Amino acid sequence: MLVMKFGGTSVACAESIARVTRIVRERLHLQPVVVVSALAGVTDALQAMGALSRDGLLEEALSKLKGCEERHCESAKALLPAKSEAFCHKDLCPLFDEARALLKAVFAVQELTPRTLDRLLGFGERWSSLLVAEAFRAEGLRAVRVDSSDVVITDANYSHAAPLMDRIKSRVATSIRPRVQSGCVPVLGGFIGSTEEGVPTTLGRGGSDYTASILGASLDADSIEIWTDVDGMMTADPRICPDAQNIESISFDEAAELAHFGAKVLHPKTLQPAVDRGIPVYVLNSRHPENCGTRVEVTEPSEEGRVRSVACKRGITLAEVFARQGLESKLTSAIFDALEHQKCLVDLAAMSRSNLSLLLNSRSSADALSEFLQDKASVNVIEGCALVSLVGRNVARNPAICARALNALPNLPIRMIFHGASDMNLSFVVAEKDADQVVRSLHDALFPGQQVPRHSEAAIPLNKSQQPALVQAEA
Ligand code: ADP
Ligand code: ASP
Ligand code: MG
C-alpha cells in the first residue's frame, strides 16, 4: 500500500487536479490511499473570513466565501463536464452553506475560539477531498471519499491536535483497509480530524503531510509520497535561492531537523510516525512526476560532517531574560517553571550567569513568560527575528564548515549564534528582513554551483577539515 499526499498547489485548479489524477492512475497497482490539502490559498482565506466575521465585517467574509465557492464550482465544471451541476448542487454547495452558517454564528457572538476556528479551517479539506474524489471517478478511477473526521481521531488540543494512534488504527482497519483491498482508492482531506466526541480538530498549519504519515503508519504502508510544487527537499528554499539543488536522499534525522528549522516542504511532525515503522518517505514534484525527488530513509550513522541544506524559520521572538539583583542563582529554575507552566516551546536557548535568551515561536509566549517571571526577572522581548540554520549531520562539529559559514556571513547584525546546541545544526539569529540575504550568502558559500558534489551535499571529513572544503569533498 502507498499513501500519496497532494499539497495545495498540486490541487490548486482543474488542470492540476487532472495532473494528480494521472499520477494516481499510474500507481493504481500499488494500492494508493490519497490525502489532499485544501486548494492553494483556501485555508488562509478561511482564516481571514473568520477574523472578518468576528470583527463585525460579515458581508466581506461572505463575499470571500462566495469567491471560494465559485472557484470550486468552476474547477468542478472543467473536471466533470457531464455532472458538474448535480455535483455542485447536491454535494459541494451544502458544505458551503454550512460554512456560511458558521461565519454568521461567529459574527453573532463576535468570538472566534480555537475550537470554532478548527471547525472553520477544516472546510478547505472537506471541499477539496469531495472535488478530487469526484474528479477521479469522472476519469474512471474507483475512488471513494472517506471523511477524515471518522478516521483521524485526536485529542482536543485545538489548532495543534495530537493523533490518538490506537483509535486511528482501528478506524483505518474498518474504513480504509477493506476499501483498498477491494480495489478502491480512498480520498481523504489532510490536516483535519475530530475528537472521539466528533468535535472537529486540526493538526496544525501544513498538517496534511502529518495526516499522510499517520495513515501510512496505521496502514503499515510500503511508502509515503508527499507531492508538492518543488523537486523534493533542496539545499535551500528555491524561492530564496533559485540555484538550490535537489537532495536525492536524506536521513530521517536530517530531514526532521530541516523541517523543524523551517523547511516548509515537510511539516515538522511528519516523519515520526514513518520513522517508528521504518516507512520510507518520498518528496516529489507533481508538475514533474518524472523527476526523482527526495527519498527520506534510515541511513547508517556517520562521523562525516556535512551540510545538507540552509533552512530559515521566520516569525521568531527572542526573549532575553535578566535576573533581578540577588536572584541570579534562581534564574534557571524560575525560567523552567515558567516555560512548563505557560506551555511555551523553545527553539533554542543560550545562557550566561545572569541572563538567559530564549527563541520562542510567538510574541504571546514571550509575554506570558514575562508576566510569570515579573518578581524574579525582567524580560526584553525582540520580535521580528529569523533563525537561519545550516542543517546536516555533525555540521557543528566540523570546523571547516563553521569557518566557511562565518566567513560568508554578510555585513549585517547577527543577534546570536548557536553552535553545538545540537550536532545537527549551526544557527544564526538575524532580523527577519535580513534573513534572505543571510540564507543566500551561506548557500553560495556552502553550495557553490559548479562545485556541488554528487548527492548535493557539502561533505567535509572531520579529520581533514583544514583542507579546502569542497575540493576535499570531491576527492
Ligand atoms: P504544499 O502546498 O505542497 O504542502 P508547501 O508550500 O507547504 O507545499 O511546501 C513547499 C514549499 O516549501 C516550496 O514551494 C518551497 O518554497 C518551500 N521550501 C522551504 N524550504 C525548502 C527546502 N529546503 N526544500 C524544498 N522546498 C522548500
Ligand atoms: N490546508 C492546510 C494549510 O494550509 C493544511 C496543509 O496544506 O497541509 O495549512
Ligand atoms: Mg505543506
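Sequential numbering from 1 along the given sequence is applied to the chain's residues. Both counts, for ligands and for their atoms, begin at 1 and track the order of listing. Owing to the predicted nature of the structure, the values given are computational and were not obtained by experimental measurement.
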Got more than 12 heavy atoms from elsewhere within 6.0 Å of CZ, R295?
-> yes
What part of [X], side chain, backbone, both or neither, has a heavy atom within less than 4.0 angstrom of ligand 1?
| X | answer |
| --- | --- |
| V265 | both |
| Q245 | neither |
| A263 | both |
| M234 | both |

Mark the output for [X] as yes if a heavy-atom distance to ligand 1 is under 4.0 Å, and as no if none is.
| X | answer |
| --- | --- |
| G232 | yes |
| S37 | no |
| H267 | no |

From atom 16 (O) of ligand 1, work out which of I226, T228, D237 has a heavy atom at the shortest distance.
-> D237
Any N or O of G8 that comes nearer than 3.5 Å to an N or O of ligand 1?
-> yes
At a 4.0 Å threshold, what atoms of ligand 2 neighbour a non-hydrogen atom of S37?
-> 6 (C), 7 (O), 8 (O)
Going by the atom numbers of ligand 2, which of them fall below 4.0 Å from some non-hydrogen atom of R205?
-> 3 (C), 4 (O), 9 (O)
Whether W127 and H72 hold their rings parallel, tilted or perpendicular, with breakpoints at 30° and 60° = perpendicular
Looking only at side-chain N and O atoms, does [Y] offer a donor or acceptor that is under 3.5 Å from a partner on [X]?
| X | Y | value |
| --- | --- | --- |
| N291 | D231 | yes |
| T201 | D118 | no |
| S286 | R19 | no |

Does the residue [X] have a heavy-atom contact with ligand 2, meaning some pair of atoms that are separated by less than 4.0 Å?
| X | value |
| --- | --- |
| G7 | no |
| G206 | yes |
| E125 | yes |

Got an N/O contact under 3.5 Å between G204 and ligand 2?
-> no
Grab the two heavy atoms, one from K5 and one from S208, that are nearest each other, plus how far apart they are.
-> CE-CB, 3.6 Å
Minimum side-chain heavy-atom gap I214-M165 below 4.5 Å | yes
NZ/NE/NH1/NH2 to OD/OE distance under 4.0 Å, R126 and D91 = no
Report the nearest protein non-hydrogen atom to atom 6 (C) of ligand 2: residue, atom name, distance rounded to 0.1 Å.
-> S208 OG, 3.4 Å
